[in-house]
Amino acid sequence: MTGSICSTAPWYVPIHKPLGQKGAHSEAFGRSRGGFTSKIHARCDNQGRPLGFVLTGGQISDYKAVNALMALPAPNPRAMLADRGYDSDSFRRDLLIHGILPVIPSQKGHSVPQKTDWRRYRDRNRIERMFNSLKQMRRIATRYDKTALSFMSFINIAAARLWIRSFVNVT
């Protein structure tokens with residue numbers, strides 16, 4: 001079984017929130033070039049079905065959500081596929097300690113690039129397709145929700161729809 005983690009780093013979700021309100025960080029609102037944004041980090045199985053999500057502000061680095069993603073109640077995979085944003089020596093070391101093969105390309109400015117199994121890495125497109133399916137739902141693509149709890153609830157409802165689709169024969 002191969003696990004994947006990824007964030008919606010290329011697709012920032014704009015936040016419709018009036019300026020001047022407090023508690024932006026607690027509701028996963030972050031400042032980015034486009035204004036207030038959020039990032040959805042996901043952990044998926046080898047079929048691209050979501051196992052769990054973590055919501056952070058748009059300016060937060062990807063590997064800051066790694067501990068929360070790895071703490072999700074899911075079986076340990078044999079390999080973990082992730083994009084360059086998750087490249088850190090400590091994350092690779094933690095994966096190897098738990099017997100998980102890291103399949104993460106090195107960041108471009110890395111002094112000592114790590115070897116990447118590009119054949120396995122090609123399977124990461126499944127998580128990108130999962131994010132595309134989630135973003136087909138307007139409420140998730142635009143985040144009109146003010147609180148992180150209600151936004152995460154709708155993300156989980158959309159994820160349940162993806163799981164149902166994989167078990168029900170649609171003709």
Side-chain angles (χ1 to χ4, degrees), residues 2-74 77 80-88 91 103-105 107-108 121-171:
T2 303
S4 299
I5 59 173
C6 187
S7 70
T8 59
W11 304 302
Y12 288 111
V13 179
I15 306 302
H16 302 282
K17 176 181 186 282
L19 292 175
Q21 289 185 350
K22 295 182 181 179
H25 293 291
S26 65
E27 298 300 336
F29 293 132
R31 255 312 188 185
S32 187
R33 276 188 255 158
F36 286 107
T37 58
S38 288
K39 278 188 192 175
I40 304 168
H41 305 267
R43 185 169 172 189
C44 293
D45 65 358
N46 60 350
Q47 299 299 315
R49 295 177 298 216
L51 299 173
F53 299 98
V54 174
L55 192 62
T56 62
Q59 84 283 2
I60 304 283
S61 178
D62 287 346
Y63 66 84
K64 299 264 178 155
V66 164
N67 291 335
L69 285 171
M70 295 308 290
L72 293 171
M80 182 65 70
L81 285 68
D83 60 2
R84 290 180 198 273
Y86 293 94
D87 179 35
S88 76
F91 180 47
V103 183
I104 307 168
Q107 291 184 356
K108 301 218 184 231
Y121 187 72
R122 278 188 283 172
D123 289 337
R124 203 180 69 80
N125 74 61
R126 292 178 182 157
I127 194 165
E128 299 297 341
R129 292 190 314 224
M130 183 271 305
F131 274 117
N132 187 21
S133 298
L134 286 177
K135 299 233 177 194
Q136 295 298 316
M137 295 158 212
R138 183 175 178 206
R139 187 166 193 151
I140 293 170
T142 55
R143 186 172 177 181
Y144 291 110
D145 300 308
K146 184 176 178 180
T147 63
L149 178 64
S150 81
F151 186 56
M152 282 297 289
S153 299
F154 279 100
I155 291 172
N156 288 324
I157 289 170
R161 288 184 64 195
L162 294 177
W163 272 90
I164 289 170
R165 230 184 276 158
S166 68
F167 289 113
V168 176
N169 186 9
V170 179
T171 57

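Side chains are part of it too, since the values below use all heavy atoms of this structure and drop only hydrogens, waters and symmetry mates. Since the structure is predicted, the reported quantities are computational estimates derived from the model, not experimental observations.
Within 6.0 Å of CZ on R161 lie no more than 12 heavy atoms contributed by other residues, nucleotides or ligands.
Inter-residue side-chain proximity for L51 and L72 is flagged as unmet; no heavy-atom pair is nearer than 4.5 Å. Taking the side chain as every heavy atom from C-beta outward, R49 and R126 never approach each other to under 4.5 Å. Between E128 and S133 there is no side-chain heavy-atom pair separated by less than 4.5 Å. Counting only heavy atoms from C-beta outward, the side chains of H41 and F53 never approach each other to under 4.5 Å. Side-chain atoms of D83 and I104, non-hydrogen and from C-beta on, never get closer than 4.5 Å to each other. With a 4.5 Å cut-off on side-chain heavy atoms, W163 and V168 do not count as touching.
The minimum heavy-atom distance between A42 and I127, with the atom names listed, is O-CD1, 4.0 Å. Taking every heavy atom of both residues into account, R165 and M137 meet most closely at NH2-CE, 4.5 Å. Residues M152 and V54 share a closest heavy-atom pair of CE-N, 4.4 Å. Contact record, F154 with I140: O-CD1, 3.7 Å, taken as the closest heavy-atom pair. Among all heavy-atom pairs drawn from M130 and P50, the shortest one is CG-CD, 3.9 Å. The shortest non-hydrogen separation linking L134 to A159 is CD2-N, 4.0 Å.
Aromatic ring pairs are classed by plane angle as parallel below 30°, tilted from 30° to 60° and perpendicular above 60°; the pair Y86 and F91 is tilted.
One finds the CZ atom of R129 at 11.0 Å from the SG atom of C44 (value rounded to the nearest 0.5 Å). One distance of note links CD1 of I155 with OG of S153; it measures 9.0 Å at 0.5 Å rounding.
Checking side-chain atoms of N125 against main-chain N and O of R122 turns up a donor-acceptor pair under 3.5 Å.
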Quick one: do Q47 and L162 satisfy side-chain contact (heavy atoms from CB on, under 4.5 Å)? Show the steps, please. CA-CA 11 Å; Q47 299 299 315; L162 294 177; over 6 Å; no
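Residues N132 and Q136 bring a donor and an acceptor atom of their side chains to less than 3.5 Å of each other.
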